Amino acid sequence: IEGVQGNNIFFQTGYTSLNSFQRGQNQLADLFGNYWTADKPNPHAKYPKISAGTQMAASNRFIQDGSYLRVKTLQLGYNLPVGKMGASFISKARIYVKANNLFTLTNYIGLDPDVNTTGTDSQDVGSRLVIGTDTDGYPNARIYAVGIQIDF
């Protein structure tokens with residue numbers, strides 16, 4: 001189990017994707033139905049009027065709490081009774097199931113609060129590693145495995 005408490009993240013993915021269709025790209029689901037329109041003028045709408053011409057400005061609005069608690073690795077195994085099985089050439093046999101990044105408890109709205117990278121194709125490592133910023137970074141993979149370990 002691992003976790004972080006009190007970490008702030010600049011959710012730059014939201015800065016670029018919650019931008020009122022500025023770049024004609026896919027948007028986060030939070031934008032839909034949560035913006036001002038002339039037909040339904042909602043003074044409490046979270047987002048302004050949608051328009052391709054809307055220009056967003058970076059602000060503390062995109063600072064998110066990056067605290068989390070994650071089950072990083074969980075492995076359950078069973079040692080087979082090889083002595084009772086009559087397989088004298090096997091000294092030990094074990095079967096197991098394993099999960100990495102099983103689940104994460106967080107209030108962070110991005111894909112993964114464990115971020116330090118930007119989603120760029122730049123060859124310059126310095127432009128990809130940005131501490132405390134989530135810019136379309138890939139989330140940690142969830143991996144499931146089943147295995148058999150045999151010692152001869």
Side-chain angles (χ1 to χ4, degrees), residues 1-35 45-48 50 52 54-152:
I1 296 177
E2 73 173 21
V4 171
Q5 175 63 37
N7 181 38
N8 287 328
I9 298 171
F10 176 58
F11 185 49
Q12 191 167 343
T13 302
Y15 169 70
T16 56
S17 295
L18 293 171
N19 61 11
S20 303
F21 303 100
Q22 174 189 357
R23 297 182 179 144
Q25 61 190 19
N26 287 337
Q27 302 293 307
L28 298 176
D30 191 47
L31 178 68
F32 295 100
N34 204 5
Y35 54 87
K46 190 172 180 181
Y47 302 102
I50 58 173
T54 301
Q55 296 294 316
M56 302 272 288
S59 70
N60 63 354
R61 170 183 166 203
F62 299 102
I63 301 295
Q64 297 284 320
D65 178 16
S67 302
Y68 69 92
L69 183 66
R70 170 177 287 155
V71 174
K72 188 71 172 174
T73 303
L74 180 64
Q75 183 169 329
L76 300 171
Y78 176 72
N79 292 326
L80 298 171
V82 293
K84 294 180 181 179
M85 296 169 63
S88 60
F89 60 94
I90 298 175
S91 64
K92 179 181 174 183
R94 180 175 179 266
I95 58 172
Y96 64 90
V97 293
K98 180 179 179 180
N100 289 348
N101 300 314
L102 189 58
F103 65 87
T104 304
L105 302 173
T106 186
N107 289 326
Y108 181 63
I109 64 172
L111 295 177
D112 192 340
D114 186 12
V115 295
N116 67 352
T117 186
T118 62
T120 178
D121 58 359
S122 171
Q123 297 301 311
D124 176 26
V125 173
S127 68
R128 291 191 308 250
L129 298 177
V130 183
I131 304 297
T133 300
D134 180 3
T135 310
D136 300 322
Y138 296 113
N140 284 298
R142 182 173 297 139
I143 301 170
Y144 300 100
V146 176
I148 300 172
Q149 178 184 353
I150 299 174
D151 294 348
F152 297 100

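Positions are given from 1, in the same order as the sequence printed here. Remember, it's a predicted structure, so these values are computed and weren't measured experimentally.
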**Request:** Go through the structure and list residues passing side-chain contact (heavy atoms from CB on, under 4.5 Å) with Asn100, not counting sequence neighbours.
**Result:** Thr73, Lys98, Ile143

**Asked** Is the shortest distance from a Lys or Arg side-chain nitrogen in Asp112 or Arg142 to a carboxylate oxygen in the other one below 4.0 Å?
**Response** no

**Request:** May I ask you to test the Pro113-Arg70 pair for a side-chain heavy-atom distance under 4.5 Å?
**Result:** yes

**Request:** Just do the side-chain contact (heavy atoms from CB on, under 4.5 Å) check on Ile90 and Phe152 with the steps written out, would you?
**Result:** CA-CA 5 Å; Ile90 298 175; Phe152 297 100; 4.2 Å; yes

**Item:** Rounded distance [0.5 Å steps], CD1 in Ile150 versus CZ in Arg94
**Value:** 12.5 Å

**Request:** Give, for atom CG of Leu102 and atom NZ of Lys72, the distance between the pair rounded to the nearest 0.5 Å.
**Result:** 12.0 Å

**Item:** Atom CG of Asp151 with >12 non-hydrogen neighbours under 6.0 angstrom
**Value:** yes

**Asked** Atom CD of Gln5 and atom CG of Asp65: how far apart are they, to the nearest 0.5 Å?
**Response** 6.5 Å

**Prompt:** For the residue pair Asp134 and Gly110, what are the closest heavy atoms and their distance?
**Reply:** OD2-CA, 4.3 Å

**Request:** Measure the CZ-OG1 distance between Phe62 and Thr133 for me, rounded to the nearest 0.5 Å.
**Result:** 13.0 Å

**Message:** Quick one about Asn101 and Asn140 (side-chain donor to acceptor, distance below 3.5 Å, no hydrogens or angles considered), yes or no?
**Reply:** no

**Asked** Out of Val115, Ile63, Thr135, which one pairs with Phe10 under the side-chain contact (heavy atoms from CB on, under 4.5 Å) rule?
**Response** Ile63

**Complete:** CG (Asp114) and CG (Leu111) are apart, to the nearest 0.5 Å, by 12.5 Å

**Complete:** What one should report as the nearest heavy-atom pair of Ser67 and Thr106 is O-OG1, 2.8 Å

**Item:** Shortest non-hydrogen contact from Val82 toward Ser91
**Value:** CG2-O, 3.9 Å

**Asked** Side chains of Leu76 and Tyr96: does their closest heavy-atom pair fall under 4.5 Å?
**Response** no

**Asked** Who are the side-chain contact (heavy atoms from CB on, under 4.5 Å) partners of Asn7, not counting sequence neighbours?
**Response** Val4, Ile9

